Amino acid sequence: MSKINEVTAAVEAGKSKLVAGLVQEASNEGASANEILQAMIGAMNVVGSKFSSGEIFVPEMLVAAKAMQKGVEVLKPLLAGAGSVSLGKCIIGTVEGDLHDIGKNLVSMMIGSVGFDMIDLGVDVSKEKFIDAIKENPDVKLVACSALLTTTMPSLKETVTAIKTSGLKGFKIIVGGAPVTEIFAKEIGADGYAGDAGTAAMKAKEIVQISAAI
Amino acid sequence: MTTERENYLKILRGEQPEWVPNYFDACAWGGPIIYQNIKIPGSGNPDKKIIDNMGFEYNDRERYTDWLGIEWTQTVDGAIPTPGKFTMTDITKWREQILYPFPDLDKIDYKTQADNYYAAVGHERAVAALAYGPFMDLIDSMGIEEGLCAMLEEPEAVHDFFKEITDYEEKKLRLMYPYFKPDVYMIVEDVSSAKDMFFSPELYDEIVAPYHRQLTKAALELGCFVEMHCCGKCDMLIDRWIDMGMTIWNPAQVMNDLDGIKTKYGNKFILNGCWDNTYGKGGVTGAPEKDVRESVRESIDKFALGGGFIFWDCGLTGGDVQKYEWTADEARKYGKTFYKKK
């Protein structure tokens, strides 16, 4: 097995203690930083698909994301000189009135693991704070809003509406959370919906890449 | 005249009850206070008060620390660990990173606490003593992401933590039982989201189940019925819980195959809940009174036949107190005569 394949396998298996060493060895053997990164992103795509299909559960997904982070740490200095391979910035937060962060954190980890630079605003985030963060990051490609409670779904709607009517452009909005459905996401004007963290990562890539191609 | 407690106990014994109980009319939560949570001065909104399920008053968003040193934030939907503020970062160092040793159980005056409790609550209702499960203590201490990783990466340390917590809970149960004599021992262990378990059933068997079994065995020996509290989609665990000796599950939420469970176990495994507080016509935000009441009757019609059912709206008020007055009122009215009509 080539070193780069070993990196892929170690990320998929969540071997966080091994990945850093394997990434270094792959680099020493001549693999470029971008090749190694793409291999790890590919591994996380597989992990995300397995999670969405119920083949694996949250812990397996988490340890894979953690393993990838270890690999990225080794690659960072190499990537700095190789041009950015980031898919762009993603601003994420749980909407105002809602303190729940488990789903949001899982989604943040998975979206980050497929190549986005995450800006996590935390929980109980007002629409104004989302808008301020977008203004502070005019190159943002994706805004992800979460709500866990049925009682904070109106807050999700208000947030999406406020962002959409703010005049700010150049990014897409995806929404999710336990009570949120695809129908509701469409009703409130979101550009995308994801039912779980694995799907969120794929959806994030998909809508940003489609948007870039238009 | 049959009391709420007597009627409730009939259900727990698998007998035909006289009426369908509305959960909190029939059962109170109780047990000894081992540690008084320490409120953080100045936190929360003093103009908005919240009374929790144990009867304690808090400001909305008031923060406090508990017996493990975990910081919590109180909300209208219950307390949650304050996001981002966790006490434990490394499970292998849990003894150093949480408050340990735990409060001394031998110094608690259980008799006085029980006397005071029953003076306030009375004996008309059944009593359920609650025990937080070890998984909850893990994720509340270090956050769910790190907690779940620890279960895969440091299973021995997790077992060490779980064993200590469970031994402590068992000792607490055995010391308090002679005075409180709860009818039900409830293990509170939320291992699922709305869609699936947080981890695989196999990991549950390996890391969590031994401790649920230990607590269940102790409670059964003492004469309690054992109830599992687990929100979300967790019906894949029911056979395991029955095998341990548990007979009740709350809040039996509608994302589970409730019809299948009812058909399979009849009144031998009691469903406590069965009302859709999220998408149901009575559960959706802003549902009119007519729909709320109708949804309660539909739930009772569907699940109460033959016994083995306790109606519970499953909480999560979002501050909508009026709605939950309607559910309780309708459950009392409709449930009271349900078995007489059938």
Side-chain angles (χ1 to χ4, degrees), chain A residues 13-17 51-67 69 93-94 97-110 120-125 146-157 176-181 183-184 195-199, chain B residues 60-61 63 72-85 139 143-155 158 190-204 207 231-233 236 253 255 276-280 283-287 316-320 323:
Chain A
K15 304 287 185 192
S16 60
K17 288 176 184 165
F51 175 72
S52 297
S53 69
E55 193 178 329
I56 61 169
F57 287 76
V58 177
E60 290 81 6
M61 185 172 73
L62 285 172
V63 293
K66 203 169 160 182
Q69 283 169 1
T94 305
D98 202 325
L99 295 180
H100 294 84
D101 66 353
I102 293 173
K104 184 265 297 172
N105 290 350
L106 295 177
V107 168
S108 179
M109 199 174 280
M110 285 304 290
D120 191 339
L121 303 180
V123 298
D124 197 16
V125 180
S146 166
L148 181 92
L149 302 169
T150 51
T151 49
T152 52
M153 287 168 73
S155 178
L156 186 60
K157 181 181 179 181
V180 179
T181 62
I183 294 168
F184 180 77
D196 61 65
T199 313
Chain B
D60 185 27
R61 302 286 178 94
R63 291 176 288 122
W72 294 76
T73 299
Q74 187 65 247
T75 77
V76 289
D77 298 313
I80 63 171
T82 302
K85 292 195 79 172
I139 64 171
I144 192 163
E145 298 95 333
E146 289 302 321
L148 291 173
C149 287
M151 288 169 70
L152 284 186
E153 295 177 332
E154 302 287 354
V158 172
D190 287 318
V191 297
S192 293
S193 71
K195 290 172 182 157
D196 208 339
M197 288 181 65
F198 289 130
F199 47 89
S200 68
E202 293 72 27
L203 198 55
Y204 174 81
I207 289 199
C231 294
K233 170 78 175 165
M236 62 292 276
Q253 290 181 301
M255 64 284 284
D276 188 346
N277 64 352
T278 304
Y279 298 117
V284 293
T285 304
L316 277 182
T317 70
D320 191 352
K323 179 190 286 187

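These numbers come from the heavy atoms of this one structure, side chains and all, not from hydrogens, waters or symmetry mates. Since the model is a prediction, treat every value here as computed from it, not as a measurement.
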- Query: For the residue pair A:Ile102 and B:Glu145, what are the closest heavy atoms and their distance?
  - Reply: O-OE2, 4.3 Å

- Using a cut-off of 6.0 Å, state whether more than 12 heavy atoms not belonging to B:Lys195 lie near its atom NZ. yes

- Message: What part of B:Ser193 gets within 4.5 angstrom of chain A, counting heavy atoms only: side chain, backbone, both, or neither?
- Response: neither

- Proximity breakdown for A:Thr181 and chain B, heavy-atom pairs closer than 4.5 Å: side chain

- Item | Per-residue contact mode, B:Thr73 against chain A (heavy atom under 4.5 angstrom) | side chain

- Separation between CD of A:Glu55 and OG of B:Ser200, rounded to the nearest 0.5 Å: 12.5 Å

- Message: Using 0.5 Å steps for rounding, measure from the CG atom of A:Leu62 to the CZ atom of B:Phe199.
- Response: 12.5 Å

- Under 4.5 Å heavy-atom distance to chain B, tell me which part of A:Val123 shows up: side chain, backbone, both or neither. side chain

- Query: Roughly how far, to the nearest 0.5 Å, is CD1 of B:Ile80 from NE2 of A:His100?
  - Reply: 4.5 Å

- Note on the structure: Rounding to 0.5 Å, atoms CG (A:Leu106) and CG (B:Leu148) come to a distance of 8.0 Å

- For residues A:Pro179 and B:Thr278, report the shortest heavy-atom separation together with the two atoms involved. CB-CG2, 4.2 Å

- Contact summary for B:Pro201 and A:Phe57, nearest pair of heavy atoms: CD-CZ, 3.8 Å

- Query: Where do A:Asp124 and B:Arg61 come nearest, in terms of heavy atoms and distance?
  - Reply: OD2-NH1, 2.9 Å

- Enclosure of A:Lys157 NZ (heavy-atom neighbours >12, cutoff 6.0 Å): no

- For the student: nearest non-hydrogen atoms of A:Asp101 and B:Gly84, plus distance: OD2-N, 4.0 Å

- Task: Check whether A:Ser16 gets within reach of chain B through its side chain, its backbone, both or neither, counting any heavy atom under 4.5 Å.
- Result: side chain

- Item | Presence of salt bridge, A:Lys66 and B:Glu153, under 4.0 angstrom | yes

